[in-house]
Undergrad: 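Just passing along the structure, written as structure tokens.
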There are 4 protein chains.
Amino acid sequence: MLRVGLLGAGRIGAVHAKAINAHAGSRLSAVADVFAENAEKLAAEFGAEARSADQIIADPSIDAVLIATSTNTHSDFIEAATAAGKAVLCEKPVDLSLERAMACQAVANATEQPVMIGFNRRFDRNFRAIKAALEGGEVGKAELLSITSFDPAPPPVDYVKVSGGLFRDMMIHDFDMAQYLLGGLPETVMAAGSSVVDPEIGAAGDVDTAVVTLTYADGRLAVIKNSRRAAFGYDQRVELLGSEGMLQAQNVLENTVVKSTAQGVTGAKPTYFFLERYMSAYEAEWAEFVEAVVSKGAVPVTLDDGVAALAMAEAATLSKAEGRPVHLKEVYPRAA
Amino acid sequence: MLRVGLLGAGRIGAVHAKAINAHAGSRLSAVADVFAENAEKLAAEFGAEARSADQIIADPSIDAVLIATSTNTHSDFIEAATAAGKAVLCEKPVDLSLERAMACQAVANATEQPVMIGFNRRFDRNFRAIKAALEGGEVGKAELLSITSFDPAPPPVDYVKVSGGLFRDMMIHDFDMAQYLLGGLPETVMAAGSSVVDPEIGAAGDVDTAVVTLTYADGRLAVIKNSRRAAFGYDQRVELLGSEGMLQAQNVLENTVVKSTAQGVTGAKPTYFFLERYMSAYEAEWAEFVEAVVSKGAVPVTLDDGVAALAMAEAATLSKAEGRPVHLKEVYPRAA
Amino acid sequence: MLRVGLLGAGRIGAVHAKAINAHAGSRLSAVADVFAENAEKLAAEFGAEARSADQIIADPSIDAVLIATSTNTHSDFIEAATAAGKAVLCEKPVDLSLERAMACQAVANATEQPVMIGFNRRFDRNFRAIKAALEGGEVGKAELLSITSFDPAPPPVDYVKVSGGLFRDMMIHDFDMAQYLLGGLPETVMAAGSSVVDPEIGAAGDVDTAVVTLTYADGRLAVIKNSRRAAFGYDQRVELLGSEGMLQAQNVLENTVVKSTAQGVTGAKPTYFFLERYMSAYEAEWAEFVEAVVSKGAVPVTLDDGVAALAMAEAATLSKAEGRPVHLKEVYPRAA
Amino acid sequence: MLRVGLLGAGRIGAVHAKAINAHAGSRLSAVADVFAENAEKLAAEFGAEARSADQIIADPSIDAVLIATSTNTHSDFIEAATAAGKAVLCEKPVDLSLERAMACQAVANATEQPVMIGFNRRFDRNFRAIKAALEGGEVGKAELLSITSFDPAPPPVDYVKVSGGLFRDMMIHDFDMAQYLLGGLPETVMAAGSSVVDPEIGAAGDVDTAVVTLTYADGRLAVIKNSRRAAFGYDQRVELLGSEGMLQAQNVLENTVVKSTAQGVTGAKPTYFFLERYMSAYEAEWAEFVEAVVSKGAVPVTLDDGVAALAMAEAATLSKAEGRPVHLKEVYPRAA
């Protein structure tokens, strides 16, 4: 039985708490939060103790730490927890600062403790089916990947200001998806973006709509489209053109009912947002983490993966700022 | 906290055990089975006690009994459990004998204890969306209902022999669906059927493929198609033509991935069978039962509903045997 | 160059006139209509002459006669035209009277002239693809056929009164489709129907909504659903369950555009009615007729097919009237 | 009756010849081709005369000239035909040289003769439905346009060498589609491309797979994906995210049949290539040209539109060559 300490008792912390206790091989032991009240409430709900983060990390009876705190604390907690010999599952992104993330990467990797980054979409059964079909040779060799990722509604501008920007906050999932499906890292990153959805987001120095093109040394291309607003809900699609065919993961719909009237033929909308769409992916993510820790195998999403995705976000941010393609190695020497 | 005794530790019993303990308002207390070993194993898995059915029914600390035993024991257990003041959720069908079911109906209804019949499909979110749209007037008045219900593969002939026949064993779900969506009972039942899938099933006196037409006094029609075999999996669709449009509940697919190659455009199959398709429906079914029992409200599927569905199955069996439409009231006086 | 005389200058006559002249191997020579004005107008439009039906049939320079007159004249014209050595394409149904149709069948077949009945749906590329896949063994052996055929709106009650009833006027297409896809004739016909769409249609002695089940000697089943009204347009679907899979021909839509908004995901409606849906089928039908006549090959839909479809309609009418399954051979000795 | 001279008797010339004679208001009078034999054959087929291009342009009885010759002759013929007072429909692209096209634009516009460029996709009913829905406000304000355009198979490398490159030869259709749907011209063009499909194409100095991002001054974005090879056929999709929803034009399929087997649920492929997909669009294009000429109204696709699309292709070519975003006004002063 894996005993787990949870750092961060917010919305995503609660999602993880549920997954931890739903798993037959793990149990939530302790919860920490900067607001003690939040930690107490969540701990009570799941039969765990509310403690401080330091106490949790120092407790030898705790096997694994799940980091779901604010992003600016991720690197510190990863370093502390791995130093204390814990297995770590940390929410994305590793950090908003690529420099800090790379430093953390060096420190944490040196401990050889398992560190997994919570790119939940890798555990969605639809994207997995894409990867399995690709690896099974069902569409030949990958040539052109397209990722569409639209949120239902933009976050508050106050959030935007501290988010690190769309590329680090939102598109980082898609950078990881490109990494997951295509393997390896792109050579160049070209970003275009605007605040056509909400000028306030532009005034805050960010974009709300963006297109990023990735080029790979072997000729493969990938294009990622993001929008902070899709009136119909959460749009999460992947399309991969290969030498012998195409794979598409379409949206998951609220139900399968179709209504035909004089106004047309209407089906259900996509499930509303990430909790609805990815709840079972969070469960699968946790199960694979437990499996890797228990079996002393490799975690399915490494800290290196997390830093690489952040590097792509950094390159996209720079590309947008300077109006030019950016070579990934400009910002991430390991990509060279 | 509703304390629940489970009668029957087979496959469907295990499904219910899981739903009972997953619900915050109920707990599995005891499990009985004709094979004590089965009861013990399931009880151990869910932290309950293995006991005899009689002990469970006699135990005043048990609030509700879930009957998931073989069909020929349903009526007896319903009568015993209601007599003992328990709330009852009984798997379908009520009985294979309509006569016995009607006797049980009289006895159990007299106790005024809640008795719910486990027509799980009523709790599927897709069929619920059909009903909600119909009741919301989105397609006008119902005129013609079509239900398609194909199993992935026929059961063993030995099962067929004791099953009560396709109409009572399999189509009974669809009879209840007609009842759920259209309300009221049909006037006539016309059945056609054959053993085109497997002549052994015909030799055993049953059909494996059937079409049943229901006519209603107000002119509405319903048609139900059943097959014991669909090579592509579990086919569960409903289509309702109304005066102002049509509603269709399509199959739930294994994933949303579509592959386009020189051979065509291929998507996933429907989820394989009832456990895959209806697991969340079983959970919703249990939640509504708990809610009804706790709030002393009406259960969403009554014993009368269960008997009426059985009466339709009886009428279909007779119609097929005699090659003529059967008036429901010939077999079920309450339909008059 | 096949020289063609057209009898009947109504809406369907105009459709055929267009197909005749669009074909490189045929030309419209003459047009007749009970209203001379109609014949003159259509003839002028297509560079043909307006003449009487008798003149057309007597004219040795005319190779083929297309009969698109009112149904009660079909048998007479078939007999006269075949007697005069013409190839004949006659609109469905052969007749409203099965007896008269059978007499015509005997007379016309004796001439050995080609007589084709205009079951246009056999030439729709979607239904053809179903047949090709079935014959190619792609879903194994046919077991259960379902045909859905809904018109967008009921005809005027005055038309209903002279139409021969839904089974002969509308469902006859579906009886032929069953014949086309399954081959052979059913053993029994069981009809249910009502006037739930429009009580006036019921008062006129007809139904507007119907379900007919066909049983075949080898265990295959077919079910046909008709409604005179589908608010969303012309619904023309076929679904065939085989021993190794299922084939479905879905509706042809007005366009491929899908709109996703907060209200749902909406696509286009089916093409509105038979002219929109089947125009290219009429062209293909004519092309195959020309090909058969020119090559002295067999026509793809024979007079026997037309009479057999009418016999099924007769049996359905009787079944509905008497509330019992009807053996096809009761009304059509050749089915024995 | 519009009398039409056709320059160019190749494959696309034959498509136009058919559309010209199928239209009640136009007739093909004369055909020219650099290979006299081709002109004679096509002329004979459509009841026209084979003549030289000069003769056609000089003939006062000819009202309109359709230019379907090789691209390097387009500008000369546009100038000559407009100087001779003809209405002109010219195939895309206007020229491979933007400079030459701009010179032609100045000369031809000065004549005030109608000149229409044959961007056939504007006349596809699906893309038209997108535009109509957008203009009808059904998805609010346009924000992000995505165009997918894949050919079934790459052309011979010899063709690639003289084609002007993918951006001018293939993506020019998509540049025009962006112009058609969004209105106005983009500010910048950013291209990425590779020869991942066929290294020979790369060796010939071209790309076979490309992603181009367009940015607009008001914040709108567009992304165009091209591949010279899609194993499943011709992929022609448009997707437009607006402030209140999304519009998608999906592929046109060969038929509507879906087959469900143990291997999955398979539908038909897209129609194979442009002739299959766009034949009715060519007819609609011609009808609108005739309508504009006869009514002395504006043609629906102007010479300016054609030159602007070419300018985008030029900018994309430059962007790819220099690895940087290109401002459209760098290559096309009128975009300023």
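Below, chains carry the letters A, B, ... as their sequence lines are ordered, and counting in each starts from 1. Hydrogens, waters and symmetry mates play no part in the numbers below; they use all other heavy atoms, side chains included.
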Undergrad: Which residues, numbered in order, of residues 187-196 of chain C come under 4.5 angstrom of chain B by heavy-atom distance?
TA: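 So the qualifying residues are C:Met190, C:Ala191, C:Ala192, C:Gly193, C:Ser194, C:Val196.
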Undergrad: How close do C:Ser146 and B:Lys225 get, heavy atom to heavy atom, and via which atoms?
TA: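 That would be OG-NZ, 2.5 Å.
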Undergrad: Is C:Val211 close to chain B through its backbone or its side chain, or both, or neither, when contacts mean heavy atoms under 4.5 Å?
TA: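 Contact with chain B is through both the backbone and side chain of C:Val211.
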Undergrad: Side chain, backbone, both or neither: which part of B:Thr213 has an atom under 4.5 Å from a heavy atom of chain C?
TA: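 Contact with chain C is through the side chain of B:Thr213 alone.
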Undergrad: Just give me the residue among B:Gly140, B:Ala231, B:Ser227 that pairs up with chain C most often, heavy atom to heavy atom, under 4.5 Å.
TA: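 Counting heavy-atom pairs under 4.5 Å, the top option is B:Ala231.
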Undergrad: Please state whether the side chain, the backbone, both or neither of B:Ala222 comes within less than 4.5 Å of a heavy atom of chain C.
TA: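 Neither part; nothing is under 4.5 Å.
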Undergrad: What option among C:Thr215, C:Asp235, C:Leu144 has the most heavy-atom pairs under 4.5 Å with chain B?
TA: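 Top count of heavy-atom pairs under 4.5 Å with chain B: C:Leu144.
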Undergrad: If you count heavy-atom pairs within less than 4.5 Å of chain B, which of C:Arg220, C:Met246, C:Glu244, C:Lys141 leads?
TA: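 Highest number of heavy-atom pairs under 4.5 Å: C:Met246.
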Undergrad: So what's closer than 4.5 Å to chain C heavy atoms on B:Phe150: side chain, backbone, both or neither?
TA: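 Side chain only.
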Undergrad: Checking heavy atoms, do the side chain of B:Asp218, its backbone, both or neither come under 4.5 Å from chain C?
TA: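 For B:Asp218, the contact with chain C is made by the backbone alone.
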Undergrad: Can you tell me how far CG of C:Leu241 sits from CZ of B:Arg229, rounded to the nearest 0.5 angstrom?
TA: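 CG of C:Leu241 is found 8.0 Å from CZ of B:Arg229.
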Undergrad: Measure across B:Glu143 and C:Val197 and return the closest heavy-atom pair with its distance rounded to 0.1 Å.
TA: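 Between these two residues, the closest heavy atoms are OE1-CG2, 3.5 Å.
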